[in-house]
Undergrad: 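To start, I am sharing the structure in question, which I have written as structure tokens.
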Amino acid sequence: MDKEQIEKLRKVCKNLTILYVEDDKDISENVEKLIKKIFVHVDIEKNGLNGLETYTDKRHDIVITDISMPIMDGIEMIRNIKLLNSEQNIIVTSAHNDAEYLIKLIEMGIDKFIMKPININLFLSSLSKIAVGIYRAKREEHVEKIEKKYHDFQIELLDSILFPLAYFKDNELFYANEIFREQFF
């Protein structure tokens, strides 16, 4: 990704939250620096149990986790997160390429599996696709809320008119205010 793409990604991600769970200090520091350049709201944890506790408190938009960690591994953490939110977006980074792990993760519904050492371009590309999808969904939800408020306001305004009012569409009654309904129905 070039600087222009990262700037666009920053704009998309400015209101998204991310949880990064990794016990390897070197990997954690490098990935943390990278994601903090893109995301404003980043939480970092060193094991699955702390990751789950943080997720339970904050419900992040994206979770990035390792598999092998102390106290609670990434698979158990993912299982618990998916019980809380089956739609949670999750990226797994791991040195394990065992088919058994991969099958479990696919069945759990993770979004992406990235092998370690992490290919930064693949990582950023995967993160970008997920973030853009979340951004679009949130924007669509916001537009729907605004449209509903506008519609509700229109109905309230029309219902407040003190004379009977009806609106017909294709020769059928489409809307009638309260006074119209009281007088004619």
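All of these numbers come straight from a predicted model, not from anything done at the bench.
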Undergrad: Applying salt bridge (charged side-chain N to carboxylate O under 4.0 Å, His left out) as the test, list every pair that has at least one member in residues 166-179; sequence neighbours left out.
TA: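 For residues 166-179, and leaving out neighbouring residues, the salt bridge (charged side-chain N to carboxylate O under 4.0 Å, His left out) pairs sorted by first residue read Glu178-Arg181.
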
Undergrad: So if I apply the salt bridge (Lys or Arg N to Asp or Glu O under 4.0 Å) rule between Glu141 and each of Arg139, Lys138, Lys145, which one comes out positive?
TA: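 Exactly one option meets the salt bridge (Lys or Arg N to Asp or Glu O under 4.0 Å) with Glu141, and it is Lys145.
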
Undergrad: side-chain contact (heavy atoms from CB on, under 4.5 Å) with Asp152: which of Glu156, Lys149, Lys148?
TA: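 By the side-chain contact (heavy atoms from CB on, under 4.5 Å) criterion, Asp152 pairs with just one of Glu156, Lys149, Lys148: Lys148.
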
Undergrad: Just one of Leu102, Ile64, Asp66, Ile67 clears the side-chain contact (heavy atoms from CB on, under 4.5 Å) bar with Val92, so which one?
TA: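 Exactly one candidate clears the test, Ile67.
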
Undergrad: Heavy-atom count around Arg59 CZ within 6.0 Å, excluding the residue itself: above 12?
TA: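 Yes, because the 6.0 Å sphere around CZ of Arg59 holds more than 12 heavy atoms from other groups.
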
Undergrad: Within the side chain of Ser126, is there an N or O that forms a donor-acceptor pair under 3.5 Å with the backbone of Leu122?
TA: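 Yes: the side chain of Ser126 pairs with the backbone of Leu122.
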
Undergrad: A quick test of your reading: do over 12 heavy atoms of other residues, nucleotides or ligands sit less than 6.0 Å from CZ of Phe168?
TA: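 Atom CZ in Phe168 is packed in, count exceeds 12.
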
Undergrad: Do the side chain of Asn80 and the main chain of Glu76 share a donor and acceptor less than 3.5 angstrom apart?
TA: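 Side chain of Asn80 to backbone of Glu76, a donor-acceptor pair under 3.5 Å: yes, one is there.
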
Undergrad: Throw together a table of side-chain donor-acceptor distances under 3.5 angstrom for residues 16-26, partners on residues two or more places apart or in other chains.
TA:
from: Thr17; atom 1: OG1; to: Asp61; atom 2: N; distance (Å): 2.9
from: Thr17; atom 1: OG1; to: Asp61; atom 2: OD2; distance (Å): 3.3
from: Glu22; atom 1: OE1; to: Lys116; atom 2: NZ; distance (Å): 2.6
from: Glu22; atom 1: OE2; to: Asp24; atom 2: N; distance (Å): 2.9
from: Glu22; atom 1: OE2; to: Lys116; atom 2: NZ; distance (Å): 3.2
from: Asp24; atom 1: OD1; to: Asp26; atom 2: N; distance (Å): 3.1
from: Asp24; atom 1: OD1; to: Ile27; atom 2: N; distance (Å): 3.0

Undergrad: Where is the tightest heavy-atom contact between His60 and Gln88, given as atom of each residue plus distance?
TA: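 Taking His60 first and Gln88 second, the nearest heavy atoms are O-OE1, 3.0 Å.
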
Undergrad: With distance as the sole test, does Ser160 use its side chain to make a donor-acceptor pair with the main-chain N or O of Leu157 at under 3.5 Å?
TA: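 Checked: pair present.
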
Undergrad: Using the side-chain contact (heavy atoms from CB on, under 4.5 Å) rule, pick out the option among Glu45, Glu53, Met72 that qualifies with Met77.
TA: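 Of the listed residues Glu45, Glu53, Met72, the side-chain contact (heavy atoms from CB on, under 4.5 Å) partner of Met77 is Met72.
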
Undergrad: Please determine whether the number of non-hydrogen atoms from other residues, nucleotides or ligands lying under 6.0 Å from atom CZ of Phe184 exceeds 12.
TA: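 Yes, enclosed.
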
Undergrad: When you measure from the side chain of Asn177 to the backbone N and O of Leu165, does any donor-acceptor pair fall under 3.5 Å?
TA: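 Flag set: sc Asn177 to bb Leu165 pair under 3.5 Å.
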
Undergrad: Are the side chain of Thr56 and the backbone of Leu52 linked by a donor-acceptor contact shorter than 3.5 Å?
TA: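 Yes; judged by distance alone, with no hydrogens or angles, the pair exists.
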
